[in-house]
Amino acid sequence: MSEEDFESNAPTITIGVAMHKEYNIPNDDIYVPIHVGADCHPDTLTHAIQDNTGINISSLNPYFSELTALYWLWKNCDSDYKGLVHYRRYLAPSTIHERHSLPRKQRAITRRSLARQLQSHNIILPSKRHYIIETIRSHYAHTLPSEQLNTARSVLSALSPQSIPAWDKVMRRHSAHMFNMMVMDKADFNSYCTWLFPILFECMKRLPPKQYDAFNARYPGRISELLMDT
């Protein structure tokens with residue numbers, strides 16, 4: 001599909017911007033601010049979509065982080081393409097020329113640039129993060145409780161056993177797509193969420209996050225980063 005055909009078909013694109021405090025977002029109508037954790041801090045961002053509206057898991061934000069926005073988009077948004085970025089972290093335009101023709105604070109991918117990408121790709125991800133001397137598993141285990149990885153694999157074995165080879169492959173790698181950032185066509189986005197969230201909910205049942213301090217209690221959000229490449 002050409003860029004002109006893409007634009008003439010006028011697909012709807014909604015990229016949620018996960019936010020928990022005031023911050024400027026790109027001046028492009030594809031970006032929609034979503035106040036994550038609105039159940040916990042209802043008066044923080046009154047101008048944004050509240051993640052405790054519609055069908056939601058806002059109360060789980062202390063454990064799921066930006067995923068409460070992902071869940072909101074899954075259940076309450078019907079755009080042709082859906083995605084998630086962070087209030088201080090965005091997908092960049094695909095070419096160096098495009099990136100450097102804009103001020104640094106405005107280098108988020110635009111609708112026009114994204115349209116070019118979506119002509120040939122149903123899923124757009126950020127650049128991989130590279131760990132060089134460590135595998136994904138060893139890096140996690142050296143910085144966070146390793147039982148979180150073990151629980152995630154056990155849950156996968158029960159709920160999605162066909163995913164175990166992919167999970168093990170990701171664990172052996174030295175790079176991964178992180179941050180829970182993406183743009184997907186609606187079918188892939190909804191399919192991914194349908195697979196992802198039951199896994200995370202079961203992880204919480206088997207390994208309650210309340211046993212950890214606030215930092216480590218966010219493990220479902222961190223495990224989900226590894227489930228993206230899985």
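Evaluation of the side-chain hydrogen bond (donor to acceptor under 3.5 Å, both in side chains) test over residues 19-31, restricted to residues two or more places apart or in two chains, returns none. The salt bridge (charged side-chain N to carboxylate O under 4.0 Å, His left out) pairs that include a residue from residues 178-190 are D78-K186, where partners are two or more places apart or lie in different chains. Residue pairs meeting the ring pair (Phe, Tyr, Trp, His ring centres under 6.0 Å) criterion with at least one partner in residues 137-166, sequence neighbours excluded, are Y131-H139. The ring pair (Phe, Tyr, Trp, His ring centres under 6.0 Å) pairs that include a residue from residues 145-182 number zero, where partners must be two or more places apart or lie in different chains. For residues 42-64, every residue pair satisfying the ring pair (Phe, Tyr, Trp, His ring centres under 6.0 Å) rule, not counting sequence neighbours, is listed here: F64-F201.
Partners of T53 by side chain to side chain donor-acceptor pair (under 3.5 Å), not counting sequence neighbours, listed by chain and number: W72. I55 meets the side-chain contact (heavy atoms from CB on, under 4.5 Å) test with Y71, K75, N76; sequence neighbours excluded. Residues passing the salt bridge (Lys or Arg N to Asp or Glu O under 4.0 Å) test with R153, sequence neighbours excluded: D168. Under the salt bridge (Lys or Arg N to Asp or Glu O under 4.0 Å) criterion, R206 pairs with E202, not counting sequence neighbours. Under the side chain to side chain donor-acceptor pair (under 3.5 Å) criterion, N56 pairs with no residue, sequence neighbours left out. When the side chain to side chain donor-acceptor pair (under 3.5 Å) test is applied to T230, no partner is found at least two apart in sequence or on another chain. Partners of E225 by salt bridge (Lys or Arg N to Asp or Glu O under 4.0 Å), not counting sequence neighbours: none found.
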Q | Steps toward side chain to side chain contact (heavy atoms under 4.5 Å, CB included) verdict (F189, T194) | A | CA-CA 9 Å; F189 186 99; T194 299; over 6 Å; no
Q. After noting the C-alpha distance and the side-chain angles of L70 and K82, does the key distance pass the side chain to side chain contact (heavy atoms under 4.5 Å, CB included) rule?
A. CA-CA 9 Å; L70 188 74; K82 299 190 278 190; over 6 Å; no
Q.
Evaluate T14 against L73 for side chain to side chain contact (heavy atoms under 4.5 Å, CB included), listing each step before the verdict.
A. CA-CA 9 Å; T14 299; L73 288 165; 4.0 Å; yes
**Q.** Working for side chain to side chain contact (heavy atoms under 4.5 Å, CB included), residues R111 and I13
**A.** CA-CA 8 Å; R111 178 185 173 90; I13 303 174; 3.8 Å; yes
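By the 4.5 Å heavy-atom criterion applied to side chains, L149 and M171 are counted as neighbours. Residues M19 and H35 form no side-chain contact, since every pair of their non-hydrogen atoms from C-beta on lies 4.5 Å or further apart. Side-chain atoms of R129 and S175, non-hydrogen and from C-beta on, never get closer than 4.5 Å to each other. C40 is not listed as a side-chain neighbour of S59, based on a closest heavy-atom distance of 4.5 Å or more. Taking 4.5 Å as the limit, every side-chain heavy atom of I57 sits out of range of all side-chain heavy atoms of L67. L156 places a side-chain heavy atom less than 4.5 Å from the side chain of I199. Residues I34 and E66 fail the side-chain proximity criterion, which asks for heavy atoms closer than 4.5 Å. Considering only heavy atoms from C-beta on, Q148 stays 4.5 Å or farther from R222 through its side chain.
Looking at every heavy atom in both residues, I25 comes nearest to P33 through CD1-CD, 3.7 Å. Minimum heavy-atom separation, P198 to W195: CD-O, 3.6 Å. Of all the heavy atoms in G221 and N180, the pair that sits closest is O-ND2, 3.2 Å. For A108 against P26, the heavy-atom pair with the smallest separation is CB-CG, 3.6 Å. Nearest heavy-atom pair, P161 versus A158, reported as atom, atom and distance to 0.1 Å: CD-O, 4.2 Å. Scanning both residues, I223 and A152, for their nearest heavy atoms gives CG2-CB, 3.8 Å.
Under the 4.5 Å side-chain heavy-atom criterion for grouping Ile, Leu, Val, Met, Phe, Trp and Tyr, V36 is not connected to Y90 through any hydrophobic cluster. Connection of F215 to L207 is established within a shared hydrophobic cluster, with ILVMFWY side chains joined at heavy-atom distances below 4.5 Å, either directly or through further cluster members.
Tested against V183 for a side chain to side chain contact (heavy atoms under 4.5 Å, CB included), the candidates L91, N122, I123 yield a single pass: L91.
Remark: the backbone N or O of L227 is not paired with any side-chain donor or acceptor of S224 at under 3.5 angstrom. Checking side-chain atoms of Q50 against main-chain N and O of A48 turns up a donor-acceptor pair under 3.5 Å. Under a 3.5 Å cut-off, the side chain of T151 and the backbone N or O of E147 do form a donor-acceptor pair. Although no hydrogens or angles enter the test, the distance criterion places a donor-acceptor pair under 3.5 Å between the side chain of D51 and the main chain of A38. For the pair T135 (side chain) and R173 (backbone), a donor-acceptor distance under 3.5 Å is absent. In this structure, R218 contributes its side chain and N61 its backbone to a donor-acceptor pair below 3.5 Å.
Distance CD/E134 to CD1/I132: 11.0 Å, rounded to 0.5 Å. Note that OG of S138 and CZ of R172 are 13.0 Å apart. Values are rounded to the nearest 0.5 Å. Here the CG-CZ distance, from L118 to R116, works out to 11.0 Å after rounding to the nearest 0.5 Å. Note that OG1 of T12 and CG of D80 are 3.5 Å apart. Values are rounded to the nearest 0.5 Å. Rounding to the nearest 0.5 Å places CD1 of I124 at 6.5 Å from CD1 of I109. Atoms CG and NE2, on L84 and H86 in that order, are 5.5 Å from each other to the nearest 0.5 Å.
Atom NZ of K128 is surrounded by more than 12 heavy atoms from other residues, nucleotides or ligands within 6.0 Å.
Aromatic rings from W74 and F197 are positioned such that their centres are separated by under 6.0 Å.
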